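Worksheet for the structure shown next.
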Amino acid sequence: MSQDKIKETATSTFTRYLSEHGMRKTPERYAILNKIFEMPGHFTLQALNSALDESGYHVSRSTLFNTISVLISAGMVRRHAFAKEAPVYERIIGFSHHHHTICTGCGKIREVKDVEIDKLIQTKRFGKFLPTQIDINIYGLCASCQRQTKSTARKSHNNKEINKNNEQG
């Protein structure tokens, strides 16, 4: 699906949601929606607010928070709280289903698509509970942080050996 078609679908979905819930269809809400669909991947509210400001469209923090809440309720945006980081958001419409790996060293987030995990989850039953959203987040160290950890450990070991030799010498 093209980006224009995705935006068009998002706009009509949002309009329908606002109408069904008796909410106002303000230019600010649509500006926020449009900017979200221009953002690549995950974003913070601060980054979204900055992007709006840069495009010459200033909205208050309360309008931003309220609109994000509405978009989450409408099933168009998802909020993630990865580790100790500030919450990040991502649009759902136009993205394929995915999970996340989160580096506990540098905070880098990577999207992971795994058909086998998805199939397994679809076959899982949760009694009388109906899941509406399933997120799998895998925490660990990215390759860069692993190299850095090994390098730091080697340097520490070498320094201990030098100190030990100096004490003996």
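Side chains included, hydrogens not; waters and symmetry mates left out as well; all remaining heavy atoms used. None of the values given here were measured: they were computed from a predicted structure.
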(message) Once rounded to the nearest 0.5 Å, what's the spacing between atom CD1 of Ile92 and atom CD of Glu90?
(response) 7.0 Å
(request) Under the side-chain contact (heavy atoms from CB on, under 4.5 Å) rule, collect the residues that match up with His58, sequence neighbours excluded. (result)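 Testing His58 for side-chain contact (heavy atoms from CB on, under 4.5 Å), a comparison that skips the adjacent residues, returns Asp53.
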(message) Test: salt bridge (charged side-chain N to carboxylate O under 4.0 Å, His left out). Region: residues 57-73. Which pairs qualify, not counting sequence neighbours?
(response) none
Residue pair [X] / [Y], side-chain heavy-atom distance below 4.5 Å:
| X | Y | answer |
| --- | --- | --- |
| Ser144 | Cys106 | no |
| Leu33 | Thr67 | no |
| Thr26 | Thr63 | no |
| Ile117 | Ile136 | yes |
| Arg91 | Ile6 | yes |

Counting only heavy atoms not in [X], do more than 12 fall under 6.0 Å of its [atom1]?
| X | atom1 | answer |
| --- | --- | --- |
| Gln148 | CD | no |
| Lys25 | NZ | yes |
| Glu20 | CD | yes |

(message) Could you go through Asn34 and Thr11, starting from their C-alpha distance and side-chain angles, then the distance that decides it, and tell me whether this counts as side chain to side chain contact (heavy atoms under 4.5 Å, CB included)?
(response) CA-CA 8 Å; Asn34 288 329; Thr11 301; 4.2 Å; yes
Partners of [X] by ring-ring contact (aromatic ring centres under 6.0 Å, His included), sequence neighbours excluded?
| X | answer |
| --- | --- |
| Phe65 | none |
| His99 | His97 |
| Tyr30 | Phe14 |

I'd like a table of donor-acceptor pairs (distance under 3.5 Å, sequence neighbours excluded) in which one partner is a side-chain atom from residues 43-51, with atom names and distances.
{"residue": "Thr44", "atom": "OG1", "partner": "Ala47", "partner atom": "N", "Å": "3.0"}
{"residue": "Ser50", "atom": "OG", "partner": "Gln46", "partner atom": "O", "Å": "3.1"}

(request) Is it possible for you to say whether Leu141 and Ile109 belong to one hydrophobic cluster, with membership spreading through side-chain heavy-atom contacts below 4.5 Å? (result)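 Result: no, two separate clusters.
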(message) Hydrophobic cluster membership, with links at side-chain heavy-atom distances under 4.5 Å among I/L/V/M/F/W/Y: are Val112 and Val88 in one?
(response) no
(message) Has Arg125 got a side-chain atom pairing as donor or acceptor with Gln122's backbone, closer than 3.5 angstrom?
(response)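 Indeed, once roles are kept as given, a pair shorter than 3.5 Å links the two residues.
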(message) Tell me whether Lys35 is salt-bridged to Glu38, with the criterion being a basic N under 4.0 Å from an acidic carboxylate O.
(response)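 Between Glu38 and Lys35 there is a salt bridge, with a charged N closer than 4.0 Å to a carboxylate O.
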Over all atoms of both residues, closest heavy-atom pair of [X] and [Y]:
| X | Y | answer |
| --- | --- | --- |
| Leu120 | Thr123 | O-OG1, 2.7 Å |
| Met23 | Tyr17 | SD-CE2, 4.3 Å |
| Met76 | Ala10 | CE-O, 3.1 Å |

